[in-house]
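Being a predicted model, the structure only gives us computed values, none of them experimental.
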Amino acid sequence: MASSSSSSANASSYDVFLSFRGEDTRHSFTDHLYKTLMGAGIGTFRDNEEIRRGEEVKPEIETAIKQSKASIVVLSENYATSTWCLDELVLILEQRKEVNHFVLPVFYHVDPSDVRKQNKSFTIEVKGSSRWTDHNVNMWKKALKEVANLAGMVLSGPETNFLKEIVDTIYNKLDRKEVHLPPNLTGMATRYEEINSWLNQSNIEFLAICGMGGSGKTTLAKYIYDSNWRYFENTSFVENIGRRCKESHDLLELQEQLLNDILGGKKRKIPGVSQGTCKIEEALQTKRTLIVLDDIAEKSQLVALLGTGTINAQSKIIITTIRENTDNWFKSTYSRCQEYKIKLLNEDESLELLSRHAFGSKAPMEGFEELAMQAIRYCEGNPLAVEVLASSLSNENTILYWKSRLNVLDKDFDSRIQSVLITSYESLPSILEKELFLHIACFFIGKDKDYVVKILEPDYCALSGIKTLSNKCLLSVSPNNKLMMHRLIQEMGKNLVRLESSKFPARRSRVWLSSDSYKILRKGEGSETMEGLALDMQLLKEDKVAFKSLDLKTDALKKMDKLKLLHLNFVYLNGSYENFSEDLRWLCWLGFPLTTIPPDLFMGNLVAIDMSYSKLEVLQSLQILNLKDSYDLFEIRNMSMIPHLETLILWNCHNLVRVCETIGNLTSLALLNMTGCRKLLLGVTEQHTFSLPHSLHRLFLKDCNLECTDSFTLSFNVQLSLQYLNLGNSLFECLPCYDHLKYLRVLDLSLCSRLKWLVCLPSTLAELYVYYCLSLEKITFQEHRFTLQEFGYEGCISLCEIEGFIKLVPVTKLEENDLGHMKWLKEYQNQEVCLVGDDELTKGRTPCVEMLYEFDIMSTSLPDIKNPNLKPEYVSASSALSFDVPLCPRNRKLKGLDVTLRYKISGDDDLAWFVKISTSNGVDLMYNPKVFGKPGSGNVGIWLSYWPIGNTLNTGDKVSVSISVMSGLEVEECGVSLVYVDEKVAEETLENNMGWVEVLGGDLSRFQLRTGAYYLCRRDFFELMEIGRLTPHWFSILVGDTIDSTEVRGWRKTGRPKQMNPSFTELKTVRCIIHGPELDPKTKETLRIGHRVATCKEEVYKIPQMSKSSFLDKTLEFPSSILGESMQSTTTSKFGAIVRKAEDISEDASIYMKEISEINEPNEIDQLHLTKNMSEELSDEIQEYSTSSLHGDKLKSVSGQMKKIVLGFKSGSPSKRAEVMKALSGLGIQLIDVVIEDGNLTVIGDVDSMDVIQHVSKIEGVYSISVEPEKKIKEERETGVAPSYKSAKEHKHRKIQKIVLEFKSGSRSQGEMVLKALSALQGIQSILFDLEEGSVTVIGDVQPAEIFHRTWMIEDVYIINVNDTFEPIKKIYETGISPAFKFSEEEKEFQQDRKTCSVM
């Protein structure tokens, strides 16, 4: 029996724990085994003979077992007679289950079957002793049976050979388990904690740790491996794969190492790489393995080492790589990967790591603090760089030496850091990408990505190249679209350029140091190798660099024949510009000293020119133009000379009074920024007009003191493509209706202090900013629904109503009738109440009693007043209560509940709380009010609310009400009262007088959770959690563990995150496109406006940080509101919630449907199959129905109320049909089926028949024929023919065909172009649009050639199927036609040309 450690320190860890019966083997076999193990370098724990008899040893034994990696159990003849040995065995086997502790049974002169069956000396029975109890004996028997069933070793032959076999077995099992971790680890535990949850996720097998060279990827992988290898059957750590994998035989060696690690035992040889992949795939399916593949450079290496098959669900595989977006590597496999971009060290961690390596302590030596900070700022959190720099500084701890070493950093780059970072650069696949990297490193860090792409795309394929650089962790793109690069990577790139000519900068390809550039221009040096040059004279002056003369000549530039990039700041050049490089792409000359552009400057290949702060007076011609802060510019002529101008920046051209009227004829101008051009727009009169181009997508008119005038109406009637419009800081009180701007996504009206109303905003609007519009009172929308993705309204202190969102009205402005049963509140209307909750809404607002209308819930906050109306029927001194709904009083009807809360504020924390109401009949509501009162410190406040849910409550229902507090609130009391109304009153006065029911709109589907509960909240509490201001368990406090908290991550003002319209996503972060100079970082602000952008340098306005886009899970289904009739919308259908969900996903779909219904010649469409959601995310329900209507599958009803309604109208009247279709376009209809000859129109959908009839009742000659329920529809479905297809077949004189067109999957624009092209084609009976699959199916009396004629000009659109005859796409491409039909020779030639251009 082992009883104590041979090591003096109990805290030590051991390789092996020896369990044995002392009297059998202590001085013989076990002693020899112990010495053999120790001689092999295997640390072993065994008993100590010096331990006194009777000494308690069990705690020490238990500790030793837990500290050991394996145990050898020597089962000798008398082993089972010792309770100590048996207890040890139980502990050993428990450890085996818990941490994969390896156990090797050694059967020393005993038969394993005797141990298994407890025969002979292993027979154990209950005895009178206190240890030999029934419980213990059963436990020991089980342990003996378990250990006998393990793969063990039975003594046979010489003991010396037997001992060697034991040691070899142990050595192989313990080998490769641990990896060396470097000393002075800093910050690793924090990063491990961030990804620790991955180890417990059974559905994610891979973890990809990515980041730049030297960032600690391998160290983190080692840390994870070393902390977890004990929990796996087998482990493998394969290091430096990228560097080791140069030849095919190298890969073979790695496979052999990996396979041997996974399977263990004897070493295996692999004949070839493909065979090795197959063997590893097989091993991974069965073994529970922990694997680290360090430095994977390409997907092919990963596939060769692991294959693409299934992996044991309990296995975990870590890869480290300099590549990002590794998700693409797993698209063709059965596995899933979690990507973790390693975080660089923060300032404190960097300082600690530097101090440990340089001083041997956690903090710098006294006097070295500033120098240490200078050193870590240079490293920017890269651990390798910190260690290398610290080791070089530790050679001599004197301040003079440190200063000298740090000065070297500006002139040279450490070769040890270079050798690690250059790996990413050398792995770039092409010379173009390497050149692109060097250009960006030297000249374009901090510039707007799209601006750089425009400049470098022609020569370097910059768009794809930047993606490659990002994937290699050499470059990143910030949220505001700026190109960012780690300082060390940038220095590595610059060092590569320095090495081109270490002593002569003029012979390099790029010169970025102003001191070097100045010398080159002053001496007239230059070379054909020069491609880029930068000189900033102001920087030289600020740095007090001594220079002989400011007289610089153009001679040096004439020698630079390959010069592409020239950046000059406040430089004056003398000489001719005639022989400048013809390859010049970018000319950035801030403070350009001349009044005109030199006529001999060749600009034929210029892509961008930036002359901010210039002295230009008259501008005659340019291509891409930024004249920001050109204060002396007063006129721009001859705009017709630059017909391809796309971006024009006139920001802060304060003296500009005239722009040539031909600007209105520029057909490519997409962005026009006239911020601050007050004189230009003030000068617009009937005599001097200012015409804006029709092509504008983005228009900035901020700070122009705009007013609506006859000569400048601000209606933008011809700028129909506008996506972004900034009219900030203007003087108008209202704006014209913008419902014609169907592409408008962002509208910024910040600081318009006179603006009072915003009426009928277009439904396509995604973002609205009205910051500090002090007079703004009301905002309404074209579709009477709130659908904004982003909404900024801080400082709007007069704002009372936002349609579809909230109303917040002072009680002083309400009549008693408006308040209904709460009219008694008028008595307290002059009380002061400070509101909190939504800072944007409450900041600067006058404290008073206000009524909040939100989610059809009415609430207000009061001081701690005494009033009989505030004495609830049901009261609790805690935060929860419940009651049974009583019988209604005679002649009274239950309308709802009053919920009262008395509370105090605790501390200065963020206030986070919900009111929860649930009933036994399925009502489940959670509500977080937008605003509520904040009583003074120690004072009690009252929150009173009315919930109109009486129609959902029945006598006897159990109602539970509770207040869930996550932060900042102390509940003193909660109470509930029942609100009744006279049964004879048709509708309560409150609801008659107040239009606030439209706030909810009858559809709560966006606020419903998977459990069916409604989460009535317009705030993303995860934002508070992520910055540590709210407990991570806040959601479980609210709902328990029944719902995954990620379901409400990214929660918006409109509820659940949804799939954005592509153009919404494109404009998600608003950026101002400015090709201008860098400014002080303190004044920088970047605003994005979308697709074609350049560089933004100055603040336009502050837009809050926007959360990442989230997407609606299209498999979710949401029923309609459970709050019943009191929550029905007055402006949208209370039926067809699924259709409204679809409309939320894409407003453009409904716009297109309206365009179809307004076709001037409706007889051109015989029959139209319409789904309400022609968008990027078709709801599953509508998608299934649309397919079934063509193929005879079952329709799917969302609410179970599918109906078929047949209407009659004047036979053969297309105009009547169009009028009916237009009237019905807003309902929840899934199919409209028209038969002109019969004069019938069939409507199928989840609709109310009375709703349909009411919508068409005013149309003369239209009447209802029949209404058939779902059962009747089901009978028709069983015929296997859709209504549209069936009715068409009944007309035998027609030849009905089914034609399928293919377009680019997910391209809404292409799909809509197809639909529009076909909409006027006669004979079409049904059109089915499938965006996800990229197809349009047409049914009707039409010919394929007709379809071809109308679609052949649309790029990437092909006919792939006629009458269910599918042919290989390749064959169609080769012949130009489908075998199912023939074209004329002319048509055939067109088709052939298109396919060749598109495919080849």
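Thr277 and Gln255 form a side-chain donor-acceptor contact under 3.5 Å, judged by distance and modelled atom types alone. Between the side chains of Tyr108 and Thr30, no donor-acceptor pair is found at a separation under 3.5 Å. When only modelled atom types and interatomic distance are considered, Ser71 and His101 share a side-chain donor-acceptor pair under 3.5 Å. Side chains of Glu339 and Thr326: a donor-acceptor N/O pair is present below 3.5 angstrom, by distance only.
Going from atom CG of Leu393 over to atom CZ of Phe359 covers 7.5 Å, rounded to the nearest 0.5 Å. The distance from the CD atom of Gln338 to the CD1 atom of Ile195 is 7.5 Å, given to the nearest 0.5 Å. To the nearest 0.5 Å, atoms CG (Leu259) and CG (Leu263) are separated by 4.5 Å. Atom OG1 of Thr286 sits about 7.5 Å away from atom CG of Asn312, to the nearest 0.5 Å. Atom NZ of Lys472 sits about 13.0 Å away from atom SG of Cys210, to the nearest 0.5 Å. For the atom pair OG1 of Thr320 and CG of Leu220, the computed distance is 9.5 Å after rounding to the nearest 0.5 Å.
A salt bridge links Arg323 to Glu298: at least one charged side-chain nitrogen sits closer than 4.0 Å to a carboxylate oxygen. Using a 4.0 Å cut-off between charged side-chain N and carboxylate O, Arg416 and Glu387 make no salt bridge. Ion pairing between a basic and an acidic side chain is recognised when a charged N comes within 4.0 Å of a carboxylate O; Glu194 and Lys343 show such pairing. We find that Lys127 and Glu125 are not joined by a salt bridge, their nearest charged nitrogen and carboxylate oxygen being 4.0 Å or further apart.
The aromatic rings of Phe206 and Phe330 lie tilted to each other, with the angle between the two planes from 30° to 60°.
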Side-chain polar contacts of residues 139-147 - donor-acceptor pairs under 3.5 angstrom, sequence neighbours left out - could you list them?
residue: Trp140; atom: NE1; partner: Asp87; partner atom: OD1; Å: 3.1

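Of all non-hydrogen atoms in Pro383 and Gly214, the two that sit nearest each other are CD-O, 3.1 Å. Counting all heavy atoms, side chain and backbone alike, Glu256 lies closest to Ile270 at OE2-N, 3.2 Å. Val99 and Tyr231 make their closest contact through CG1-CE2, 3.5 Å (heavy atoms, listed as atom of the first residue, atom of the second, distance).
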